Amino acid sequence: MENTIVKTLIYDNQVRLFFVDNTKLLNEILSLNKETNKIHKLTLGKTISVVSIMTGSLKGDQRISLQMTMSDPKFKVFADADAEGNVRGYLNGEFLKAPADYINQISLDRLIGHKGTIRVIKGSAMNQFTGITDMPYRNIADDISHYFNQSEQIQTYIEANIIFGNDNFFQFSSAIFAQLLPGAMPDLIDKVEHTVNTNREFFTSLNKYSKNQIEEKLSELFKDVNVIGYSPIQFFCGCSKEMFHGMLYSLSESELKQAINNQESIDTVCKICGRTYRFNDNEIQGLLK
């Protein structure tokens, strides 16, 4: 059940409840981005974890894009996903290059601080909604729940659990998304949160269970469980060498000619997946025509 969202309706179809073990997805993205600092990994991991579970609520050509800005506005986190479960995310350069003596000692709470903000763009190409909220909880999952409560006026509970291994990769990661449907009683969200908290072992061991075992357990925990489907999630960047031609035009003509005369190549790196695209001197020569 790795990288698969379990989608259910509970409490007589009044609440939609999604959850996922996304450990494999997060470790794949971290290995591509090569973040080495624990706070970098935690910030990016929690952001991607939450965005990945939110793909279960998207339909058709809908996308969701998220930008978080820390109290120091130079530090930003980006993530986006579509209804097909394609997920990607990255930290901006200023965040990655923060001084080691600062970033090695700061907590996520202090990093977000009292000025952190979330900006969300959600919808299809023809119909998009943009919302911006503060981050009063300073822990990403609760703050994105706060975004739904404030900007979309939908009672939402989101949780992202991450456990680090000795190698500083994720030993385990899971996400939970619960949201009231129209006409639902407000206290049902509290019931979901209470059930999750009192059955922590199950929700942090999802990879140990088969589909049948998960469905049986859910029927024990919640009233009127209706499993409505399973949705895969996966990393997808979408970059290509052609996309980086434009970056070469940012170089001056003299810089391009110098590379050609010295028979040097120019490397460009995708900030999302870390993939390197190399342009040799013949390819660079084509830019000057």
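Here the structure is a predicted model, which means the values were calculated and not measured.
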Inset, instruction - For Lys208 and Gln213, work out which heavy atoms get closest and say how close. - result: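 Minimum heavy-atom separation between Lys208 and Gln213: O-OE1, 4.0 Å.
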Inset, instruction - Could you pull out the closest heavy-atom pair between Cys237 and Phe235, with the gap in Å? - result: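 Heavy-atom minimum between the residues: CB-CZ, 3.7 Å.
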Donor-acceptor check, side chain of [X] to backbone of [Y], threshold 3.5 angstrom: yes or no?
| X | Y | value |
| --- | --- | --- |
| Gln234 | Glu84 | yes |
| Ser145 | Ile158 | yes |
| Thr55 | Val51 | no |
| Ser71 | Ile112 | yes |
| Thr8 | Asn226 | no |
| Asp82 | Ile64 | no |

Under a 3.5 Å threshold, yes or no: a donor from one side chain and an acceptor from the other, between [X] and [Y]?
| X | Y | value |
| --- | --- | --- |
| Gln179 | Tyr157 | no |
| Asp12 | Gln14 | no |
| Asp109 | Ser107 | no |

Inset, instruction - Just do the salt bridge (Lys or Arg N to Asp or Glu O under 4.0 Å) check on Asp80 and Arg88 with the steps written out, would you? - result: CA-CA 6 Å; Asp80 67 81; Arg88 59 184 182 177; 3.0 Å; yes
Legend entry - Residues Glu216 and Lys211 bridged, charged N to O under 4.0 Å: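 No, no charged N to carboxylate O under 4.0 Å.
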Legend entry - Common cluster, Phe222/Val227, ILVMFWY with side-chain heavy-atom separation under 4.5 Å: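 In one cluster: yes.
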Legend entry - Reference residue Ser173; test side chain to side chain donor-acceptor pair (under 3.5 Å); the match among Asn161, Asn27, Asn22: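 Running side chain to side chain donor-acceptor pair (under 3.5 Å) over Asn161, Asn27, Asn22 with Ser173 returns exactly one hit, Asn22.
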Legend entry - Aromatic ring proximity, centroids under 6.0 angstrom, Tyr209 and Phe202: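 Yes - the distance between ring centres of Phe202 and Tyr209 falls below the 6.0 Å cut-off.
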Legend entry - Within the 6.0 Å centroid threshold, strictly below: Phe164 and Phe169: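 No.
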Legend entry - cation_pi(Lys122, Phe129) dist<6.0 Å, angle<=45: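 That pair does not qualify as a cation-pi contact.
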